[in-house]
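The structure appears right after this line, and notes come after that.
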Amino acid sequence: GAGVSQSPSNKVTEKGKDVELRCDPISGHTALYWYRQSLGQGLEFLIYFQGNSAPDKSGLPSDRFSAERTGGSVSTLTIQRTQQEDSAVYLCASSLTSPGAEQYFGPGTRLTVT
Amino acid sequence: ILNVEQSPQSLHVQEGDSTNFTCSFPSSNFYALHWYRWETAKSPEALFVMTLNGDEKKKGRISATLNTKEGYSYLYIKGSQPEDSATYLCAYLGGSQGNLIFGKGTKLSVKP
């Protein structure tokens, strides 16, 4: 079946602009996660959605970052007023249930802020 | 701050060599330990999810062990092949409702 998909695969934007990154999880997966990997760093947790529960936003680095998940499926990560330090690969993952279950990752969106 | 450490940072081996790397994590409030393989230009792919102290898991030539009391896991690759070249990530989960904390990974290069 179809895996996790993300769009766009690459995004170059000017500092100060807003960007939206999209994630389509595997159908039936109730949990959805956003991570990012900056140059030389490990995968950094950003936000986690589980079913209809309030999302765990504890990893969002600033109030310029927000995410929503519509209808328990597609998710959009929005970064407002982008800064150069936002340049990273943004990965989305989904899992059948809780974080204890193995996560299936999308191919990522490479964001470059110039 | 919870820390997950992986060593070595990178490893270069010859085809046919066996190798292993380490993941260290907090021993308190342990719930699960994940291993992922991340090949260049691909998505991270789950290898193992381990939950019990003393767990040993195997998939082909790759195996992993888990010691939750001392907070470490080993990943072993027997008879490395060039297609094993990838970054191997471990991730710790403390509590069933927490989020995964990833290490920075071990980058393995296998020369033919």
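First the proteins, then the strands, lettered A, B, ... as listed; each starts at 1. In this text, all values refer to a predicted model and were calculated from it rather than measured experimentally.
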* **Interface moiety of A:Tyr104 toward chain B, non-hydrogen atoms closer than 4.5 Å** => neither
* To do: Answer with side chain, backbone, both or neither: which region of A:Gln6 has an atom nearer than 4.5 Å to a non-hydrogen atom of chain B?
  => neither
* For this output row, return yes or no: ring centroids of A:Phe105 and B:Tyr36 closer than 6.0 angstrom. => yes
Check whether [X] and [Y] end up in the same hydrophobic cluster, where Ile, Leu, Val, Met, Phe, Trp and Tyr are linked by side-chain heavy atoms less than 4.5 Å apart.
| X | Y | answer |
| --- | --- | --- |
| B:Val13 | B:Tyr76 | no |
| A:Leu32 | A:Val89 | no |
| A:Leu46 | B:Leu93 | no |
| B:Phe102 | A:Tyr90 | no |
| A:Leu21 | A:Leu91 | no |

* **Steps toward side-chain contact (heavy atoms from CB on, under 4.5 Å) verdict (B:Asn99, A:Tyr35)** => CA-CA 11 Å; B:Asn99 52 73; A:Tyr35 300 92; 5.9 Å; no
* **Proximity breakdown for B:Leu47 and chain A, heavy-atom pairs closer than 4.5 Å** => neither
* **Which portion of B:Phe48 sits near chain A, non-hydrogen atoms under 4.5 angstrom** => neither
* To do: Go through B:Gln6, B:Glu45, B:Lys104 and name the one with the most non-hydrogen pairs under 4.5 angstrom from chain A.
  => B:Lys104
* Asked: Taking B:Pro44, B:Gly103, B:Ala46, B:Ala91 one by one, which has the highest count of heavy-atom pairs under 4.5 Å against chain A?
  -> B:Pro44
* Are A:Gln37 and B:Trp38 close enough that some pair of their side-chain heavy atoms sits under 4.5 Å apart? -> yes
* Distance, nearest 0.5 Å, that separates OG1 of B:Thr87 from CG of A:Leu43 -> 10.0 Å
* To do: Count the heavy atoms of every other residue, nucleotide or ligand shown that sit under 6.0 Å from CD of B:Gln9, and state whether that count exceeds 12.
  => no
* Can you establish whether the number of heavy atoms outside A:Glu14 located under 6.0 Å from its atom CD is more than 12? => no
* To do: Please confirm whether the backbone N or O of B:Leu100 pairs with a side-chain atom of A:Tyr48, one donor and one acceptor, at under 3.5 Å?
  => no
